[in-house]
Amino acid sequence: MPRAPAGARAVLLIALLCRLAAAVSAGSQQLRIMWLMALFALSKGNPGLPTAVNITWSSINFKTILKWQPKPSGYFYTVEIHGQTSDTKKKCVMTTETECDVTDALRNVKETYTAHVLSVQSLAEDNFEEPLFASSEKFTPYNQTIIGKPEIQHHTQKDSKLSVVFRDPLTPYMFPNGSFRSVRDIFKHDLEYKLYYWKDQSSGKKDATTQSHTFDISVDNKNNYCFYVQGIIPSRRENRNGQESMVLCTTVGRTVLDEYGAEVFIIIAVVAIAVITLAVVLAVILCKRKRAKTAREKEPLNGV
């Protein structure tokens, strides 16, 4: 059952107090007790207590973090996760942080959840006033978690064939034997991968798709290729594309020019020209000095 806003509850309590005020003057013990209870409930409501704002879900490979603002001062936060069919779960009880790992509370990844971030002053609870809270947007892990980076385990380029082997990202959820479930274990046939590849030092990309862990692509055996892998969920309207793996390049038959580019070739040429020029200049200087020495030796000695 949804809670009434704190302001509305305070108004109702004030109205109750007004109606009780006249009756209390009659001296009824029961009415005096009701008066005191209403005052107590009103004071505990604390309608001025700040509530969370900017509540957001951050989820990669089903590891889900709830974040919000502001940093509390003089009060605490408690997170409640409400599912459509599951029981309410409390996480990060009485925390002063502004984020909470709620992964364990979202094990039914196809269920839609709402988070309530409660602003509380103490662990004490009463029947007169429930804590103030703010609600998040709805979140369905299966539809909204981001697919993380695949790990490229091995790649080769032999003749005109490029082979790439990769591994699925892992999730925080485990099998009964203690091993971690991968995103493929959860998405099954809804998940596929794309390989984007291009000739080294070229901007034109091609792509290929697979539902396995291997790509075998026909390429030009005279060129090296760079590539990366990305998870895709075609059935989604949002967050269809996962994170990109690191970019790798093949190194078959690479020359110095391929490896380092034309800039290094130009530098080497300039250095070679400078060395040759210096050698020629030194040779000319030495030749002139030798000629001058020879000419001095041929001159007659003074006084002979």
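Hydrogens, waters and symmetry mates play no part in the numbers below; they use all other heavy atoms, side chains included.
- For the atom pair Phe76 CZ and Gln121 CD, the distance stands at 9.5 Å (nearest 0.5 Å).
- Ile146 and Val109 sit in two unconnected hydrophobic clusters of ILVMFWY residues. Membership requires side-chain heavy atoms under 4.5 Å apart, directly or through other members.
- The disulfide bond (SG atoms under 2.5 Å apart) contacts involving residues 185-237 comprise Cys226-Cys249, where partners must be two or more places apart or lie in separate chains.
- Contact annotation: the side chain of Pro72 approaches that of Thr98 to within less than 4.5 Å [non-hydrogen atoms, C-beta and beyond].
- Residues Ile55 and Tyr75 are members of one and the same hydrophobic cluster, defined by side-chain heavy-atom contacts under 4.5 angstrom among Ile, Leu, Val, Met, Phe, Trp and Tyr.
- Under the 4.5 Å side-chain heavy-atom criterion for grouping Ile, Leu, Val, Met, Phe, Trp and Tyr, Leu170 is not connected to Leu191 through any hydrophobic cluster.
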Give the intermediate values and the outcome of side chain to side chain contact (heavy atoms under 4.5 Å, CB included) for residues Lys161 and Thr156.
-> CA-CA 8 Å; Lys161 181 180 179 181; Thr156 58; over 6 Å; no
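- Interatomic distance, NZ of Lys91 versus CD1 of Ile81, reported as 8.5 Å (0.5 Å rounding).
- Among residues at least two apart or in separate chains, disulfide bond (SG atoms under 2.5 Å apart) pairs with a member in residues 55-105 are Cys92-Cys100.
- Inter-residue side-chain proximity for Ser160 and Ser218 is flagged as unmet; no heavy-atom pair is nearer than 4.5 Å.
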Worked check of side chain to side chain contact (heavy atoms under 4.5 Å, CB included) between Val183 and Thr171 | CA-CA 6 Å; Val183 292; Thr171 75; 3.9 Å; yes
Evaluation steps, side chain to side chain donor-acceptor pair (under 3.5 Å), between Thr114 and Ser136 = CA-CA 6 Å; Thr114 302; Ser136 71; 5.3 Å; no
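- Ile217 has its side chain out of reach of Phe227: every pair of non-hydrogen atoms, C-beta onward, lies at least 4.5 Å apart.
- With Gln201 contributing its side chain and Asn224 its backbone, the two residues share no donor-acceptor pair below 3.5 Å.
- Taking 4.5 Å as the limit, every side-chain heavy atom of Gln230 sits out of range of all side-chain heavy atoms of Ile147.
- Taking the six-membered ring for Trp, Trp57 and Tyr113 have ring centres at least 6.0 Å apart.
- Arg240 is not listed as a side-chain neighbour of Ile233, based on a closest heavy-atom distance of 4.5 Å or more.
- For Phe166 and Phe215, the gap between ring centers is short of 6.0 Å.
- Taking the side chain as every heavy atom from C-beta outward, Leu195 and Thr210 never approach each other to under 4.5 Å.
- Put simply, NE2 on His82 and OG1 on Thr88 are 4.5 Å apart, with the number rounded to the nearest 0.5 Å.
- If you take CG on Leu49 and OG on Ser119, they are separated by 5.0 Å, rounding to the nearest 0.5 Å.
- Ser58 meets the side-chain hydrogen bond (donor to acceptor under 3.5 Å, both in side chains) test with no other residue; sequence neighbours excluded.
- Annotation: Phe62 is not in aromatic contact with Tyr142 [ring centroid separation under 6.0 Å not met].
- Looking at heavy atoms from C-beta onward, Thr51 lies out of side-chain contact with Trp68 at the 4.5 angstrom threshold.
- In this structure, Tyr196 belongs to a hydrophobic cluster whose other members, linked by side-chain heavy atoms under 4.5 Å apart, are Trp198, Tyr228, Val247.
- For Thr96, the side-chain hydrogen bond (donor to acceptor under 3.5 Å, both in side chains) test picks out no residue, with sequence neighbours left out.
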Test Val117 against Leu66 for side chain to side chain contact (heavy atoms under 4.5 Å, CB included), laying out the working first.
-> CA-CA 10 Å; Val117 181; Leu66 190 73; 4.0 Å; yes
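- The neighbour count for Lys71 NZ, taken as heavy atoms of other residues, nucleotides or ligands under 6.0 Å away, is above 12.
- Proximity of a side-chain donor or acceptor of Gln211 to a complementary backbone N or O of His189 within less than 3.5 Å is detected.
- Checking side-chain atoms of Thr103 against main-chain N and O of Thr64 turns up a donor-acceptor pair under 3.5 Å.
- Without hydrogens or angle criteria, Ser245 side chain to Lys149 main chain gives no donor-acceptor distance under 3.5 Å.
- The minimum heavy-atom distance between Arg236 and Asn143, with the atom names listed, is NE-O, 3.1 Å.
- Pairs of residues two or more places apart, or lying in two chains, that qualify as salt bridge (Lys or Arg N to Asp or Glu O under 4.0 Å) and include a residue from residues 172-193 are Asp168-Arg184.
- A distance of 12.5 Å separates CG in Asn221 from CG in Leu162, rounded to the nearest 0.5 Å.
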Pair Gln144-Ser59, side chain to side chain donor-acceptor pair (under 3.5 Å): steps then yes or no | CA-CA 8 Å; Gln144 293 174 263; Ser59 183; over 6 Å; no
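- Between the NZ atom in Lys110 and the OG1 atom in Thr85 there is a gap of 13.5 Å [rounded to 0.5 Å].
- Contact check for Tyr225 versus Asp220: side-chain heavy atoms found under the 4.5 Å cut-off.
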